[in-house]
Amino acid sequence: MASRGANVVLSRANRMKTKLQSALSASVLEIEDVSHQHAGHAGVKGSDGETHFNVKIVSPNFEGQSLVKRHRMVYDALADELQSGLHAISIVAKTPQETGAK
């Protein structure tokens, strides 16, 4: 597939997906933009509308990590997005064994 060029602007969800996949080697990664459910909230006003997301991620990197540590790993991978308008993330972070995946 040909590249569209350097002027293509990726959506926040696509950037998040790339960053999380790269940082955490996710075997399952689902990102849902739920910003429309928060229209009018303080975190949305004056933004591009991509502010609230649900993230479901399965990664072997979460093995042996507490739930808090897993969330920190996700937040660390998305630090740039959090500094540039990402307001809230709901995170489900599991290991492959916790999902029954082999």
Side-chain angles (χ1 to χ4, degrees):
M1 186 172 190
S3 172
R4 291 192 204 177
N7 292 333
V8 174
V9 177
L10 293 176
S11 70
R12 185 180 307 274
N14 285 334
R15 292 191 311 266
M16 290 170 61
K17 190 168 194 165
T18 299
K19 290 174 183 181
L20 289 170
Q21 186 63 51
S22 175
L24 300 173
S25 304
S27 58
V28 174
L29 182 55
E30 299 174 15
I31 298 177
E32 177 186 16
D33 185 348
V34 293
S35 301
H36 65 280
Q37 296 174 352
H38 302 275
H41 292 190
V44 177
K45 292 180 181 177
S47 72
D48 62 4
E50 295 181 298
T51 57
H52 293 70
F53 290 86
N54 292 337
V55 174
K56 293 179 184 175
I57 183 168
V58 178
S59 171
N61 295 13
F62 295 146
E63 293 287 346
Q65 303 298 329
S66 70
L67 183 60
V68 171
K69 176 62 176 170
R70 294 174 189 190
H71 284 222
R72 284 184 185 147
M73 292 166 73
V74 171
Y75 282 116
D76 287 348
L78 298 177
D80 291 345
E81 297 298 331
L82 288 160
Q83 294 297 315
S84 65
L86 176 57
H87 180 70
I89 313 167
S90 171
I91 303 168
V92 175
K94 297 187 178 205
T95 67
Q97 291 172 330
E98 291 171 335
T99 64
K102 301 244 179 206

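A quick note: this is a predicted structure, and the numbers were derived from the prediction, not measured.
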Is [X] linked to [Y] within one hydrophobic cluster, defined over Ile, Leu, Val, Met, Phe, Trp and Tyr using a side-chain heavy-atom separation of less than 4.5 Å?
{"X": "V58", "Y": "V74", "answer": "no"}
{"X": "L82", "Y": "L20", "answer": "yes"}
{"X": "Y75", "Y": "L86", "answer": "yes"}
{"X": "I91", "Y": "M16", "answer": "yes"}

For a quick test of reading the model, state the closest non-hydrogen atom pair linking [X] to [Y] and the distance between them.
{"X": "L78", "Y": "K19", "answer": "CD2-CB, 4.3 Å"}
{"X": "L24", "Y": "P60", "answer": "O-CD, 4.4 Å"}
{"X": "N61", "Y": "A23", "answer": "ND2-O, 3.5 Å"}

Worksheet entry | K17 NZ to S22 OG distance, which is reported to the nearest 0.5 Å | 14.0 Å

Discussion item. Is it the case that over 12 heavy atoms from other parts of the model lie below 6.0 angstrom from the NZ atom of K94?
Written reply: no

Discussion item. I'd like to know whether CD of E63 has more than 12 heavy-atom contacts from other residues, nucleotides or ligands below 6.0 angstrom.
Written reply: yes

Worksheet item: Do T99 side-chain atoms and P96 backbone N/O form a donor-acceptor pair below 3.5 Å?
Response: yes

Worksheet entry | side chain to side chain contact (heavy atoms under 4.5 Å, CB included) assessment of R70 paired with T95 | CA-CA 10 Å; R70 294 174 189 190; T95 67; 3.5 Å; yes

Item to complete: May I have the step-by-step check of side chain to side chain contact (heavy atoms under 4.5 Å, CB included) for S84 and R12, ending in yes or no?
Response: CA-CA 10 Å; S84 65; R12 185 180 307 274; 3.5 Å; yes

Practice prompt. List the steps and the verdict of side chain to side chain contact (heavy atoms under 4.5 Å, CB included) for V28 and K56.
Written response: CA-CA 8 Å; V28 174; K56 293 179 184 175; 5.8 Å; no

Fill in: Stepwise side chain to side chain contact (heavy atoms under 4.5 Å, CB included) test for I31 and D33
CA-CA 7 Å; I31 298 177; D33 185 348; over 6 Å; no

Worksheet item: Do R15 and D80 come close enough that some side-chain heavy atom pair is under 4.5 Å?
Response: no

